[in-house]
Amino acid sequence: MEYKCVIIDDEPMAIEVLQNHLAQIENLRATGTFTCPLAASQYLAKHPVDLLFLDIEMPAITGFGLLKTLSLLPKVIITTAHRNYAAEAFDFQVLDYLLKPISLERFMKAVNRFYEAVSDKPVLENSDATHLGFLILKANKRFHKVFIKEILFIESMDDFIRIHTHNSKLDVYDRLVGMEAKLPAQQFLRVHRGFLVNRMKIESFSSSEIFIKDFEIPIGITYRDVVAALLAT
(Lines give C-alpha, C1' and ligand atoms only; values in the text may rest on other atoms or scores of the structure.)
Protein backbone atom coordinates (compact mmCIF):
# COMPACT_ATOMS: atom_id res chain seq x y z
CA MET A 1 0.00 0.00 0.00
CA GLU A 2 1.24 3.47 -0.88
CA TYR A 3 0.90 6.30 1.64
CA LYS A 4 0.81 10.00 0.78
CA CYS A 5 2.72 12.66 2.64
CA VAL A 6 3.31 16.41 2.43
CA ILE A 7 6.42 18.34 3.48
CA ILE A 8 5.95 21.84 4.91
CA ASP A 9 9.05 23.89 5.66
CA ASP A 10 10.01 27.46 4.82
CA GLU A 11 13.59 26.35 4.05
CA PRO A 12 13.94 24.81 0.55
CA MET A 13 17.15 23.00 1.57
CA ALA A 14 15.34 21.32 4.46
CA ILE A 15 12.66 20.14 2.05
CA GLU A 16 15.34 18.76 -0.26
CA VAL A 17 16.90 16.74 2.57
CA LEU A 18 13.54 15.14 3.38
CA GLN A 19 12.85 14.44 -0.29
CA ASN A 20 16.21 12.66 -0.56
CA HIS A 21 15.37 10.57 2.49
CA LEU A 22 11.92 9.75 1.11
CA ALA A 23 13.54 8.49 -2.08
CA GLN A 24 14.87 5.57 -0.01
CA ILE A 25 11.31 4.44 0.86
CA GLU A 26 9.17 2.78 -1.78
CA ASN A 27 5.66 3.08 -0.36
CA LEU A 28 5.69 6.63 1.03
CA ARG A 29 5.31 9.39 -1.58
CA ALA A 30 5.36 13.16 -1.22
CA THR A 31 2.35 14.55 -3.10
CA GLY A 32 3.31 18.12 -2.31
CA THR A 33 6.01 20.31 -0.78
CA PHE A 34 5.32 23.80 0.56
CA THR A 35 7.39 26.67 1.87
CA CYS A 36 4.21 28.63 2.65
CA PRO A 37 2.06 27.06 5.41
CA LEU A 38 -1.07 28.95 4.27
CA ALA A 39 -0.78 27.44 0.79
CA ALA A 40 -0.26 24.04 2.41
CA SER A 41 -3.41 24.47 4.50
CA GLN A 42 -5.46 25.23 1.39
CA TYR A 43 -4.02 22.20 -0.39
CA LEU A 44 -4.69 19.86 2.54
CA ALA A 45 -8.31 21.00 2.76
CA LYS A 46 -8.86 19.50 -0.69
CA HIS A 47 -6.23 16.75 -0.76
CA PRO A 48 -6.11 14.69 2.47
CA VAL A 49 -2.82 12.88 3.10
CA ASP A 50 -1.61 10.23 5.54
CA LEU A 51 1.43 12.00 6.98
CA LEU A 52 2.81 15.52 7.42
CA PHE A 53 6.45 16.44 7.84
CA LEU A 54 6.00 19.80 9.52
CA ASP A 55 8.33 22.62 10.53
CA ILE A 56 7.28 24.84 13.43
CA GLU A 57 8.74 28.33 13.02
CA MET A 58 7.49 29.67 9.70
CA PRO A 59 6.26 33.06 8.44
CA ALA A 60 2.56 34.01 8.62
CA ILE A 61 1.57 31.00 10.71
CA THR A 62 3.42 28.43 12.80
CA GLY A 63 3.24 24.71 12.29
CA PHE A 64 1.02 24.45 15.36
CA GLY A 65 -1.25 27.14 13.97
CA LEU A 66 -1.54 25.23 10.72
CA LEU A 67 -2.56 22.05 12.55
CA LYS A 68 -5.40 23.97 14.20
CA THR A 69 -6.78 24.90 10.76
CA LEU A 70 -7.13 21.30 9.58
CA SER A 71 -10.48 19.56 9.91
CA LEU A 72 -8.89 16.19 9.15
CA LEU A 73 -5.62 15.81 11.02
CA PRO A 74 -3.15 13.34 9.48
CA LYS A 75 -0.26 11.75 11.34
CA VAL A 76 2.43 14.34 12.02
CA ILE A 77 6.22 14.22 12.32
CA ILE A 78 7.77 17.50 13.46
CA THR A 79 10.99 18.61 11.73
CA THR A 80 12.61 21.60 13.42
CA ALA A 81 15.87 23.19 14.49
CA HIS A 82 14.36 24.16 17.86
CA ARG A 83 14.23 21.92 20.91
CA ASN A 84 11.96 24.02 23.09
CA TYR A 85 8.65 23.12 21.38
CA ALA A 86 8.72 19.40 22.23
CA ALA A 87 6.18 19.45 25.05
CA GLU A 88 3.72 21.55 23.01
CA ALA A 89 4.24 19.33 19.99
CA PHE A 90 3.19 16.21 21.84
CA ASP A 91 -0.03 17.95 22.90
CA PHE A 92 -0.93 17.45 19.23
CA GLN A 93 -0.09 13.73 19.58
CA VAL A 94 2.68 13.93 16.98
CA LEU A 95 4.46 10.70 16.13
CA ASP A 96 7.98 12.05 16.47
CA TYR A 97 10.04 15.21 16.92
CA LEU A 98 13.07 15.40 14.64
CA LEU A 99 15.81 17.94 15.21
CA LYS A 100 17.70 19.29 12.20
CA PRO A 101 20.02 18.26 10.68
CA ILE A 102 18.04 15.05 10.19
CA SER A 103 20.06 11.93 9.40
CA LEU A 104 18.65 9.12 7.27
CA GLU A 105 18.83 6.73 10.25
CA ARG A 106 16.79 9.05 12.45
CA PHE A 107 14.36 9.73 9.62
CA MET A 108 13.80 6.00 9.09
CA LYS A 109 13.10 5.54 12.77
CA ALA A 110 10.46 8.28 12.66
CA VAL A 111 8.84 6.78 9.54
CA ASN A 112 8.80 3.42 11.27
CA ARG A 113 6.71 5.03 14.02
CA PHE A 114 4.24 6.05 11.30
CA TYR A 115 4.02 2.54 9.89
CA GLU A 116 3.54 1.10 13.35
CA ALA A 117 0.74 3.61 13.99
CA VAL A 118 -1.16 2.74 10.81
CA SER A 119 -0.50 -0.98 10.60
CA ASP A 120 0.22 -2.05 14.21
CA LYS A 121 3.51 -3.61 13.13
CA PRO A 122 6.92 -2.31 12.05
CA VAL A 123 7.75 -2.67 8.35
CA LEU A 124 11.15 -1.00 8.09
CA GLU A 125 13.19 -3.29 10.27
CA ASN A 126 16.69 -4.16 9.10
CA SER A 127 16.31 -7.92 9.11
CA ASP A 128 13.70 -10.68 9.26
CA ALA A 129 15.01 -11.59 12.70
CA THR A 130 13.51 -8.49 14.28
CA HIS A 131 10.04 -9.61 13.17
CA LEU A 132 10.64 -12.80 15.14
CA GLY A 133 11.65 -10.84 18.22
CA PHE A 134 15.41 -11.36 18.26
CA LEU A 135 18.70 -10.16 16.80
CA ILE A 136 21.72 -12.20 15.76
CA LEU A 137 24.82 -10.32 16.96
CA LYS A 138 28.49 -11.17 16.70
CA ALA A 139 30.63 -10.90 19.85
CA ASN A 140 33.75 -12.73 21.03
CA LYS A 141 34.05 -14.55 17.69
CA ARG A 142 30.60 -16.11 18.15
CA PHE A 143 27.08 -15.28 16.99
CA HIS A 144 24.60 -14.66 19.78
CA LYS A 145 20.81 -14.76 19.69
CA VAL A 146 19.54 -11.77 21.68
CA PHE A 147 15.82 -11.51 22.39
CA ILE A 148 14.66 -7.92 21.99
CA LYS A 149 12.21 -8.14 24.89
CA GLU A 150 15.09 -9.03 27.23
CA ILE A 151 17.20 -5.95 26.41
CA LEU A 152 17.20 -3.44 29.29
CA PHE A 153 19.32 -0.75 27.65
CA ILE A 154 22.29 -0.29 25.33
CA GLU A 155 25.36 1.73 26.22
CA SER A 156 27.96 3.26 23.92
CA MET A 157 31.52 2.33 24.91
CA ASP A 158 33.74 4.32 22.51
CA ASP A 159 34.45 1.79 19.72
CA PHE A 160 31.73 -0.73 20.67
CA ILE A 161 28.34 -0.94 22.36
CA ARG A 162 27.36 -2.88 25.49
CA ILE A 163 23.94 -4.54 25.45
CA HIS A 164 22.52 -5.03 28.95
CA THR A 165 19.91 -7.78 29.29
CA HIS A 166 18.26 -9.29 32.36
CA ASN A 167 21.06 -11.78 32.91
CA SER A 168 24.08 -10.68 30.92
CA LYS A 169 26.14 -8.03 29.14
CA LEU A 170 27.19 -8.41 25.53
CA ASP A 171 29.87 -6.26 23.89
CA VAL A 172 29.25 -5.80 20.17
CA TYR A 173 31.35 -3.87 17.68
CA ASP A 174 28.70 -1.54 16.37
CA ARG A 175 27.61 2.08 16.78
CA LEU A 176 24.65 3.09 18.90
CA VAL A 177 22.97 4.76 15.91
CA GLY A 178 23.32 1.54 13.94
CA MET A 179 21.72 -0.55 16.67
CA GLU A 180 18.96 2.03 17.12
CA ALA A 181 17.98 1.60 13.47
CA LYS A 182 17.63 -2.18 13.95
CA LEU A 183 15.26 -2.02 16.93
CA PRO A 184 11.50 -1.34 17.06
CA ALA A 185 11.05 2.43 17.09
CA GLN A 186 8.10 2.41 19.48
CA GLN A 187 9.95 0.31 22.05
CA PHE A 188 13.42 1.86 22.21
CA LEU A 189 14.18 5.47 23.09
CA ARG A 190 17.41 7.44 22.76
CA VAL A 191 17.83 9.34 26.04
CA HIS A 192 21.48 10.35 25.81
CA ARG A 193 24.16 10.36 23.14
CA GLY A 194 25.51 7.26 24.87
CA PHE A 195 22.33 5.41 25.92
CA LEU A 196 19.36 3.73 24.26
CA VAL A 197 16.71 2.31 26.62
CA ASN A 198 13.87 -0.18 26.35
CA ARG A 199 10.80 1.84 27.32
CA MET A 200 9.09 -1.33 28.58
CA LYS A 201 11.81 -1.81 31.21
CA ILE A 202 11.72 1.69 32.74
CA GLU A 203 10.71 1.45 36.40
CA SER A 204 10.83 5.18 37.21
CA PHE A 205 12.36 8.40 35.93
CA SER A 206 13.13 11.98 36.87
CA SER A 207 13.99 15.00 34.77
CA SER A 208 17.62 13.89 34.58
CA GLU A 209 17.68 10.11 35.10
CA ILE A 210 15.94 6.87 34.16
CA PHE A 211 15.93 3.90 36.52
CA ILE A 212 15.97 0.32 35.24
CA LYS A 213 16.58 -2.39 37.83
CA ASP A 214 19.74 -1.28 39.69
CA PHE A 215 20.91 1.02 36.91
CA GLU A 216 20.71 4.81 36.87
CA ILE A 217 20.82 6.03 33.28
CA PRO A 218 21.40 9.75 32.61
CA ILE A 219 19.12 11.75 30.35
CA GLY A 220 21.19 14.09 28.20
CA ILE A 221 20.36 17.78 28.45
CA THR A 222 19.59 18.04 24.74
CA TYR A 223 17.21 15.04 24.97
CA ARG A 224 15.24 16.03 28.07
CA ASP A 225 12.27 17.81 26.51
CA VAL A 226 11.69 15.12 23.91
CA VAL A 227 12.18 12.26 26.40
CA ALA A 228 9.83 13.84 28.96
CA ALA A 229 7.13 14.27 26.33
CA LEU A 230 7.46 10.70 25.03
CA LEU A 231 7.50 9.10 28.48
CA ALA A 232 4.42 11.06 29.48
CA THR A 233 2.41 9.59 26.61
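One is the number of the first residue; the rest follow in order along the sequence.
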Query raised in the report: Val94 and Ala89: which non-hydrogen atoms are nearest, and at how many Å?
Result: CG1-O, 3.3 Å
Report task. Could you note down all residue pairs passing ring pair (Phe, Tyr, Trp, His ring centres under 6.0 Å) where residues 194-213 supplies at least one of them, sequence neighbours left out? Result -> His192-Phe195
Report summary line: Looking only at heavy atoms, the pair that brings Leu38 and Ala60 closest together is CD1-CB, 4.0 Å
Query - Any residue meeting side chain to side chain donor-acceptor pair (under 3.5 Å) with Thr165, in chain and number order, not counting sequence neighbours - result: Ser168
Requested in this report: Establish whether Tyr43 and Leu73 are linked, either directly or via other cluster members, by ILVMFWY side-chain heavy-atom contacts under 4.5 Å.
Outcome: yes
**Report entry** Single-linkage hydrophobic cluster, 4.5 Å side-chain cutoff, Val17 and Phe107 together
**Finding:** no
Query raised in the report: Is there a side-chain contact between Leu170 and His164, using heavy atoms and a 4.5 Å cut-off?
Result: no
Report summary line: In short, Asp55 meets Thr80 closest at the heavy-atom pair OD1-CA, 3.8 Å
Report task. Would you check if Asn140 and Arg142 make a side-chain contact, meaning some heavy-atom pair closer than 4.5 Å? Result -> no
Query raised in the report: If we only count heavy atoms from C-beta on, is the Glu203 to Lys213 side-chain gap below 4.5 Å?
Result: yes
Report summary line: Students should find that the hydrophobic cluster of Met157, defined by side-chain heavy atoms under 4.5 Å apart, otherwise consists of Phe160, Tyr173
Query raised in the report: For the atom pair CE (Met108) and CD (Glu105), what is the distance rounded to the nearest 0.5 Å?
Result: 9.0 Å
Query raised in the report: Does a donor on one side chain sit under 3.5 Å from an acceptor on the other, for His166 and Lys201?
Result: yes
Query - Short side-chain donor-acceptor distance under 3.5 Å, Asn27 and Tyr115 - result: yes
Requested in this report: Could you tell me whether Lys4 and Asp50 have a side-chain N and a carboxylate O separated by less than 4.0 Å?
Outcome: no
Requested in this report: Answer yes or no: is there an ion pair linking Asp96 with Lys109, defined by an N-O contact shorter than 4.0 Å?
Outcome: no
Query raised in the report: Can you tell me if His47 uses its side chain to pair, donor with acceptor, with the backbone of Gly32 under 3.5 Å?
Result: no
Report task. Among residues two or more places apart or on two chains, list those pairs meeting side chain to side chain donor-acceptor pair (under 3.5 Å) that have a residue in residues 58-75. Result -> Ser41-Thr69
Query raised in the report: Given side chains that start at C-beta, do those of Val6 and Leu51 come closer than 4.5 Å, heavy atoms only?
Result: no
Requested in this report: May I ask you to check whether over 12 heavy atoms, not counting those of Glu209, lie within 6.0 Å of atom CD?
Outcome: yes
**Report entry** Pro37 to Pro59 - nearest heavy-atom pair and separation
**Finding:** CG-O, 3.5 Å
Query raised in the report: Is there a path of hydrophobic side-chain contacts, each under 4.5 Å between heavy atoms of I, L, V, M, F, W or Y residues, that connects Ile148 with Val177?
Result: no
Query raised in the report: Below 4.0 angstrom, N of the basic side chain to O of the carboxylate: do Glu180 and Arg190 qualify?
Result: yes
**Report entry** His144 side chain to Ala139 backbone, donor-acceptor under 3.5 Å
**Finding:** yes
Requested in this report: With the side chain counted from C-beta on, respond yes when Arg83 and Leu99 share a heavy-atom pair under 4.5 Å apart, and no when they do not.
Outcome: yes
Query - Nearest-0.5 Å distance, CD1 of residue Ile7 to OG1 of residue Thr31 - result: 9.5 Å
**Report entry** Audit row: Phe64, Ile56, side chain to side chain contact (heavy atoms under 4.5 Å, CB included) steps and yes/no
**Finding:** CA-CA 7 Å; Phe64 297 140; Ile56 296 176; 3.7 Å; yes
Query - Test side chain to side chain donor-acceptor pair (under 3.5 Å) applied to Asp171 - qualifying residues, sequence neighbours left out - result: Arg162
Query - Any Leu95 side-chain heavy atom under 4.5 Å of Val76 side chain - result: no
Requested in this report: Carefully, step by step, assess Phe114 and Tyr3 under the rule ring pair (Phe, Tyr, Trp, His ring centres under 6.0 Å).
Outcome: CA-CA 10 Å; Phe114 166 72; Tyr3 295 97; 5.3 Å; yes
Query - Asn84 CG: over 12 foreign heavy atoms closer than 6.0 Å - result: yes
Requested in this report: Walk me through it: do Arg193 and Tyr223 pass the test side chain to side chain contact (heavy atoms under 4.5 Å, CB included)?
Outcome: CA-CA 9 Å; Arg193 63 181 300 179; Tyr223 293 82; 4.2 Å; yes
Query raised in the report: How many angstroms lie between CD in Glu155 and CG in Leu196, if you round to the nearest 0.5 Å?
Result: 11.5 Å
Requested in this report: Considering non-hydrogen atoms only, spot the tightest contact between Leu176 and Gly194 and give its length.
Outcome: CD2-C, 3.6 Å
Requested in this report: Please name the residue in the list Ile212, Ile154, Leu152 that meets the side-chain contact (heavy atoms from CB on, under 4.5 Å) test with Val197.
Outcome: Ile212
Requested in this report: First locate atom CG of Leu52, then atom CZ of Phe92, and finally report the distance between them rounded to the nearest 0.5 Å.
Outcome: 12.5 Å
Report summary line: Sequence neighbours excluded, the answer for side chain to side chain donor-acceptor pair (under 3.5 Å) partners of Lys100 is Asp9
**Report entry** Within-4.5 Å side-chain heavy-atom neighbours: Asp174 and Lys182
**Finding:** yes
Requested in this report: Please lay out, stage by stage, how Leu28 and Cys5 fare under the test side chain to side chain contact (heavy atoms under 4.5 Å, CB included).
Outcome: CA-CA 7 Å; Leu28 184 59; Cys5 68; 4.1 Å; yes
Requested in this report: Drop me the distance from Ile8's CD1 to Leu54's CG, to the nearest 0.5 angstrom.
Outcome: 5.5 Å
Report summary line: Distance col, row Ile219:CD1 vs Ser206:OG, nearest 0.5 angstrom, shows 6.0 Å
Report summary line: In short, Ile161 meets Ser156 closest at the heavy-atom pair CG2-CA, 4.3 Å
Query raised in the report: So do the side chains of Phe153 and Val191 get within less than 4.5 Å of each other, counting heavy atoms only?
Result: no
Report task. For residues Phe34 and Phe53, establish whether the separation of their ring centroids is below 6.0 Å. Result -> no
